[in-house]
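Positions are given from 1 along the sequence. Indexing begins at 1, ligand by ligand and atom by atom, following the structure's order.
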Amino acid sequence: MATNVSTMIDAESIAQRVRELGAEITRDYAGRNLVLVCVLKGSFVFTSDLARHIDLPMRVEFLGVRSYGEDTKSSGVVQITHDLTKPVEGDHVLLVEDIVDTGLTIAHLLELLRTRKPASVKVCSLLHKPARTRIQVPIDYLGFTIEDKFVVGYGLDWAERYRNLPFIGLVESAS
Ligand SMILES: O=P(O)(O)OC[C@H]1O[C@H](OP(=O)(O)OP(=O)(O)O)[C@H](O)[C@@H]1O
Ligand SMILES: Nc1nc2[nH]cnc2c(=O)[nH]1
Ligand SMILES: [Mg+2]
């Protein structure tokens, strides 16, 4: 199924970087109540791998997010389709994203989570595409900076396809 997708970041490079990020997070959050917040759908693969490299007692929560349709997507206004199951007041929240592109989604989610009064909120993203930044957001833990190409795989979709690819790839125009 992946014959029309070329590899940008292979599975072993991702695994290596995820191990490094997990070790960094383990060091930084020792002794704190850590809650990993997986932003659905795109970050489900990254979150599940990352969580297994964090050697701390911690919780995992899921935020279901839907953009308000294609035309308004760039507004960054998102609808919450599944909310956190427990309060995060006083906890150290780490938002886990697959990609920060324009930054609008994560900016909106940071604003939302701050209203829940956590002790801290930080961002961990596997990918960052700085060429398309519309709003600057701090990315406290970053896997890879990529060029301005639409990528798929490792959770990222193109019309809901390709999320199951074990690597980050580019859909070739011949597809
Ligand atoms: O920085 P931005 O320009 O806001 O883009 C990044 C967001 O877009 C993608 O999600 P999408 O809304 O496509 O939904 P999905 O996670 O369900 O695939 C991606 O998973 C990020 O959440
Ligand atoms: N699949 C996918 N979703 C995105 N959302 C924002 N940027 C991207 C991208 O490059 N690929
Ligand atoms: Mg997403």
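- Within the 4.0 Å heavy-atom shell around ligand 1 one finds I99.
- Residue-level proximity to ligand 1 for D157 is carried by the side chain, the only part with a heavy atom below 4.0 angstrom.
- Taking distance alone, with nitrogen or oxygen atoms compared against 3.5 Å, G103 approaches ligand 1 more closely than that limit.
- Of the residues listed (L94, V123, V96, L50), the one engaging Y141 in a side chain to side chain contact (heavy atoms under 4.5 Å, CB included) is L94, and it is the only one.
- By the 3.5 Å distance cut-off applied to N or O atoms, V151 is counted among the residues near ligand 2.
- Summarising the geometry of P166 relative to A11, their closest heavy-atom pair is O-CB, 3.4 Å, with the distance given to 0.1 Å.
- Of all heavy-atom pairs between T133 and H128, the closest is OG1-NE2, 4.0 Å.
- Considering backbone and side-chain N/O of L156, none are found under 3.5 Å from N/O of ligand 1.
- Within the structure, side-chain hydrogen bond (donor to acceptor under 3.5 Å, both in side chains) contacts touching residues 89-100 (residues at least two apart or in different chains) are R59-D91, H92-S120.
- At least one heavy atom of F150 sits less than 4.0 Å from an atom of ligand 2.
- In this structure, K129 does not count as a contact residue of ligand 1, since none of its heavy atoms falls inside 4.0 Å of the ligand.
- Under 4.0 Å from ligand 1, not a single heavy atom of R66 appears.
- Considering only non-hydrogen atoms, atom 7 (N) of ligand 2 lies nearest to D101 out of D148, V152, D101.
- At a 4.0 Å heavy-atom cut-off, ligand 2 touches I99 through the side chain alone.
- Of the N or O atoms in K129, one or more lie within a sub-3.5 Å distance of an N or O in ligand 2.
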